[in-house]
Each structure stands twice: as C-alpha cells, then as structure tokens.
Amino acid sequence: ICTFNGSKRIERLKEFFLNQSFINDWEVLIVNNASDKENSLRLLQIQQEWSMHFSCNLIDELKIGLNNARQTGINNSKGSLMIFCDDDNW
C-alpha cells in the first residue's frame, strides 16, 4: 500500500484484508512515501495493530512519487505475486 499522508484513508483497508481467504501465506507492505510526522506515527500504529491479524510491515521511502514507493515495495516484498494498492483503494 503506497501512501503519502494517507493514514486516515488507509485504515479503511483493514476490513478488506481481514476478509481475504488466501490459502498461502501473504503479507501487506505499507510504504510510507515521505509522509509528515503525524501521519508517519499513525502509520506505525496501524502497522502494529494490523500485525496482530496478518503479516504487515511498514517501510519508509523518502523520495516522493508513486513509482519510488512501488519500487520500494517490490524491493522489500517476500512473495512471488504482488498486488498494488494505494491508500484510497476501498
């Protein structure tokens, strides 16, 4: 999930992830794309909360831009398949 100051929007995605019924293990990567301090702190809280339900990691990308955020997600993913999602895809 790529996000720039979108901590309020990203919270709506939790129910979507909780309703998944994948057979294999899966993970959610939240890529914080140079958000301000308030949003960055909230993203950390979201990551900690979500990690109680499914694998979730928070990664910081300081270069602003969707391409940079997605590339960071690709570089840090563990799976062989990826689905890109932004903080407003609900």
Side-chain angles (χ1 to χ4, degrees):
I1 306 169
C2 301
T3 185
F4 171 73
N5 292 332
S7 63
K8 291 180 181 174
R9 292 185 303 268
I10 205 170
E11 293 185 63
R12 296 182 72 178
L13 292 170
K14 179 182 176 184
E15 291 303 315
F16 170 79
F17 292 121
L18 286 174
N19 290 324
Q20 297 307 305
S21 59
F22 296 117
I23 296 171
N24 299 322
D25 291 334
W26 56 281
E27 67 178 333
V28 172
L29 298 177
I30 300 172
V31 181
N32 178 12
N33 194 204
S35 297
D36 63 30
K37 185 176 180 177
E38 179 183 336
N39 276 275
S40 295
L41 291 173
R42 182 61 191 130
L43 289 172
L44 180 59
Q45 292 172 334
I46 290 168
Q47 182 269 328
Q48 291 169 343
E49 177 188 326
W50 287 12
S51 290
M52 292 187 281
H53 304 283
F54 46 82
S55 176
C56 183
N57 293 301
L58 176 63
I59 304 155
D60 290 317
E61 172 52 63
L62 299 178
K63 289 189 218 172
I64 295 174
L66 184 57
N67 288 337
N68 295 321
R70 286 189 174 166
Q71 188 62 52
T72 296
I74 291 168
N75 293 344
N76 287 276
S77 69
K78 296 177 184 137
S80 57
L81 298 174
M82 287 176 255
I83 297 173
F84 291 101
C85 180
D86 297 328
D87 57 18
D88 59 353
N89 291 137
W90 31 260

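Of the possible donor and acceptor atoms, one in the side chain of Glu27 sits under 3.5 Å from a partner among the backbone N and O of Lys78. Side chain of Asn33 to backbone of Phe4: no donor-acceptor contact under 3.5 angstrom is found.
At a threshold of 4.5 Å between side-chain heavy atoms, the hydrophobic network of Ile, Leu, Val, Met, Phe, Trp and Tyr places Val28 and Leu18 in one connected group. Trp50 is connected to Phe16 through a chain of hydrophobic side-chain contacts under 4.5 Å among Ile, Leu, Val, Met, Phe, Trp and Tyr, so both are in one cluster.
Taking all atoms of both residues into account, the shortest heavy-atom contact from Asn5 to Ser35 is N-OG, 2.7 Å. Taking both residues in full, the closest heavy atoms of Ser51 and Cys56 are given as OG-O, 3.1 Å, listed atom of the first, atom of the second, then distance.
The existence of a salt bridge linking Arg42 and Asp36 is excluded, since no basic side-chain nitrogen approaches an acidic carboxylate oxygen closer than 4.0 Å.
How far OG of Ser77 is from CD1 of Ile83: 12.0 Å, rounded to the nearest 0.5 Å. Once rounded to the nearest 0.5 Å, the distance linking CZ of Phe54 with CG of Asp25 reads 13.5 Å. Interatomic distance, Leu13 CG to Cys85 SG, rounded to the nearest 0.5 Å: 5.0 Å. Going from atom CG of Asn76 over to atom CD of Gln71 covers 10.0 Å, rounded to the nearest 0.5 Å. Interatomic distance, Phe17 CZ to Ile1 CD1, rounded to the nearest 0.5 Å: 3.5 Å. Put simply, CZ on Arg9 and OG1 on Thr3 are 5.5 Å apart, with the number rounded to the nearest 0.5 Å.
For the side-chain contact (heavy atoms from CB on, under 4.5 Å) with Ile30, the qualifying choice from Leu44, Ile46, Asp87, Asp60 is Ile46, the only one to do so. Screening Asp88, Leu43, Asn89 for a side-chain contact (heavy atoms from CB on, under 4.5 Å) with Ile10, the sole residue that qualifies is Leu43.
Heavy-atom contacts from other residues, nucleotides or ligands closer than 6.0 Å to CD of Glu38 number 12 or fewer. Within 6.0 Å of the CG atom in Leu81, the count of heavy atoms belonging to other residues, nucleotides or ligands does not exceed 12.
Between Glu11 and Ser7, the side chains place no donor N or O within less than 3.5 Å of an acceptor N or O (distance only, hydrogens not considered).
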Derivation of the side-chain contact (heavy atoms from CB on, under 4.5 Å) call for Ile59 and Gln47: CA-CA 10 Å; Ile59 304 155; Gln47 182 269 328; over 6 Å; no
